[in-house]
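Data first, discussion second: the structure below is written as structure tokens.
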Number of protein chains: 2
Amino acid sequence: MRDADNDDHQPGETGGPRSRNAQATRKSILDAGIAEFCEHGLSGASTARIVERAGCNIRMLYHYFQSKELLYKAALQEVYNDLRSQEAGLNILDRPPVEAIEALTAFTYDYMAATPAFIKMVLAENLLQGEFIRAIDSIPRSSRPLIETIQTLLDRGEAAGVIQPGIDAMQLYISIVALSFIHISSRYTLSVTFGVDLSSERIVTERRQHVVDLIGTYVRPKSGHAAS
Amino acid sequence: MRDADNDDHQPGETGGPRSRNAQATRKSILDAGIAEFCEHGLSGASTARIVERAGCNIRMLYHYFQSKELLYKAALQEVYNDLRSQEAGLNILDRPPVEAIEALTAFTYDYMAATPAFIKMVLAENLLQGEFIRAIDSIPRSSRPLIETIQTLLDRGEAAGVIQPGIDAMQLYISIVALSFIHISSRYTLSVTFGVDLSSERIVTERRQHVVDLIGTYVRPKSGHAAS
DNA sequence: GAGACAATTGACAACCAAGTAAGTAATAGC
DNA sequence: GCTATTACTTACTTGGTTGTCAATTGTCTC
């Protein structure tokens, strides 16, 4: 990304960082934007605070991103790109169906636990009714390949008698996300209404087991003839 | 709170509405506030739009609620009160354990589907890190009675051999909420990434079945000796 | 070292927000 | 009827917002 790209005035490979480090400034603004949007949403975010976090002048934000909304759009794209590229490294098709689905569940759970920024950006975007995510070229239908992979696993497992017939791949994946998502996305409200700290390591670990169990139990055949 | 209910200078029951309808004005501002906070969150909400929706003057908002934040707090309390009072009418302890848990699941699913304002307020409040929900007297630990009810059902079912031993009541309830929540709370982002309209009646109905199934399968004993 | 150009900046304009002061007018009690 | 109360309103202040202009400074090429 650093040098293999689009600067039409690129004066050739010199090896050192360009002038006063434009790429680093851009990145620091993007990161600061993600943090700020996670804490305050789009309308609550302040461009002044963003550049304060980034340690640069407000003018740079407009120089690199034109407007607060375009920065938000770039931030949204960034967090989705990260998820998709991590998913791509999973290769669950190589594994036995039930094991593969449990691995996907564990991966999703761990990803959400490790990446609160993704969840917060998703919350913010849903409060905005998906106004921006629709307009990012790389995102629409980007989950389709994963759904097809899950469907393949379900078909294989069903044929082998190790998976309960009739499970819908999309509903299953939505449920995996749901179970991995809620205790982070609604951490504060749930913690208060239960009187328990859901961020505690004990609860997070217990829940991981619970979620993998729940999905594992669901996909296995009910009638106990798990042969083959 | 101090001004929440019966005015202490209530001059007796006269039958007609009080003077220039103070209660109706207050209620219309509260409702308009809920709608506005659902659409824009706390910081994105505009007091000018709220009073426009409510059909009254901006000064009335400050007269009845003192500030935008206190109106937000009142709105949050309102949506939680509604959920708790509906839950209270369920009486699931009278029913057989598995049936009771499936009924709770169906109720939760239907409530979330029918009450998007609850979900949106929860999202907004979590983006605010639960700053306000903690400060509402009636809410902290308000889910505890329900968790105890679920625990009682699980114990009974376990003793009768109709429920899988070792299930944690809180984790189970979190999962029920999760499964009922996600397709509403993340409707826009999920619809875009899947390329499917999750609000469609077909999907919503299919998902209800899926969720009840998932929970029902999980709580039943795995080893097939569902006796008694 | 000189010059050029890109990265960066301080100061500011235009705007919109929440919240307020001081008043108007409709209703209730006498 | 008249007076006191109080629901309600207009017009405004104050402060923060996004976005911009003109100028400055660092770095690279010559």
Side-chain angles (χ1 to χ4, degrees), chain A residues 2-3 5-30 32-33 36-37 39-75 128 132, chain B residues 3 6-30 32-33 36-37 39-75 128 132:
Chain A
R2 190 175 347 188
D3 49 18
D5 55 26
N6 30 22
D7 273 335
D8 40 13
H9 56 282
Q10 184 84 355
E13 188 59 276
T14 60
R18 280 174 53 76
S19 58
R20 264 174 291 175
N21 218 348
Q23 291 305 316
T25 302
R26 199 195 116 98
K27 185 63 162 56
S28 74
I29 293 170
L30 183 57
E36 176 78 7
F37 293 132
E39 278 180 33
H40 303 282
L42 173 56
S43 51
S46 152
T47 54
R49 275 195 304 257
I50 290 172
V51 295
E52 192 185 342
R53 281 172 192 261
C56 72
N57 190 276
I58 189 164
R59 196 61 193 78
M60 302 314 302
L61 191 158
Y62 290 95
H63 180 68
Y64 288 114
F65 297 97
Q66 289 80 54
S67 71
K68 185 168 105 164
E69 292 199 347
L70 285 176
L71 173 60
Y72 171 82
K73 213 174 133 184
L128 292 167
F132 294 89
Chain B
D3 61 343
N6 330 22
D7 279 330
D8 41 10
H9 56 286
Q10 184 86 357
E13 188 60 272
T14 60
R18 278 175 53 77
S19 58
R20 264 173 290 175
N21 219 349
Q23 291 305 315
T25 301
R26 200 194 117 97
K27 185 65 163 55
S28 74
I29 294 171
L30 183 57
E36 176 78 7
F37 293 131
E39 278 180 34
H40 302 282
L42 173 57
S43 51
S46 152
T47 54
R49 274 196 304 258
I50 290 172
V51 296
E52 191 184 343
R53 281 173 193 260
C56 71
N57 190 275
I58 190 164
R59 196 62 192 79
M60 300 317 299
L61 191 157
Y62 291 94
H63 180 68
Y64 288 113
F65 296 96
Q66 288 79 54
S67 72
K68 186 168 103 163
E69 293 197 346
L70 285 175
L71 173 59
Y72 171 82
K73 213 173 133 184
L128 293 167
F132 294 89

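Throughout, protein chains are lettered first and strands after them, A, B, ... in sequence-line order, and every chain is numbered starting at 1.
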Would you mind telling me which of dA7(C), dA7(D), dG19(C) lies closest to the side-chain atoms of Ile58(B)? dG19(C)
Rounding to an integer number of Å, can you tell me how far Glu52(B) CD sits from dC8(D) C1'? 18 Å
Please give, in whole Å, the distance from dG19(D) C1' to Leu71(A) CG? 14 Å
Gap between atoms CZ and P, on Arg26(A) and dT8(C) respectively (whole Å): 13 Å
Rounded to the nearest Å, what distance is computed from the NE2 atom of residue His63(A) to the P atom of nucleotide dT9(C)? 12 Å
Lys68(A) has its side chain closest, among dC8(D), dT18(D), dT9(C), to dT18(D)
To the nearest angstrom, the CG-P distance between Leu61(A) and dT8(C) comes to 13 Å
Atom pair CD1/CD1 of Ile29(A) and Ile50(A) - distance to nearest 0.5 Å: 9.0 Å
Can you name the closest pair of heavy atoms from Tyr72(B) and Phe37(B) and give their distance? CA-CE1, 3.4 Å
Rounded to whole angstrom units, what separation is found between the CD atom of Gln66(A) and the C1' atom of dT18(D)? 14 Å
Start at the 5' end of DNA chain D and walk down; is the nucleotide closest to Ala48(A) or to Arg59(B) reached first? Arg59(B)
Of dA18(C), dA7(C), dC8(D), the nucleotide closest to the side chain of Tyr64(A) is dA7(C)
What is the distance, to the nearest angstrom, from the OH atom on Tyr72(A) to the C1' atom on dT18(D)? 18 Å
Does a side-chain N or O of Tyr62(A) approach OP1 or OP2 of dC21(D) to a distance below 4.0 Å, or not? no
Out of dG10(C), dG19(C), dA17(C), whichever nucleotide has its closest atom nearest the side chain of Asn57(A): dG10(C)
Once you round it to whole Å, what is the distance between P of dA7(C) and CD1 of Ile29(A)? 12 Å
So, for Leu70(B) and Phe65(B), which heavy atoms are closest and what is the spacing to 0.1 Å? CB-O, 3.1 Å
Does the Lys68(A) side chain pair with the main chain of Ser46(A), one donor and one acceptor, at a distance under 3.5 Å? no
Below 4.0 angstrom from OP1 or OP2 of dC8(D), is there any side-chain N or O of Thr25(B)? yes
Write down the atom of Ser43(A), the atom of Gly44(B), and the distance for their closest heavy-atom approach. OG-CA, 3.1 Å
Which nucleotide, dT9(D), dT17(D), dT9(C), lies nearest any side-chain atom of Met60(B)? dT9(D)
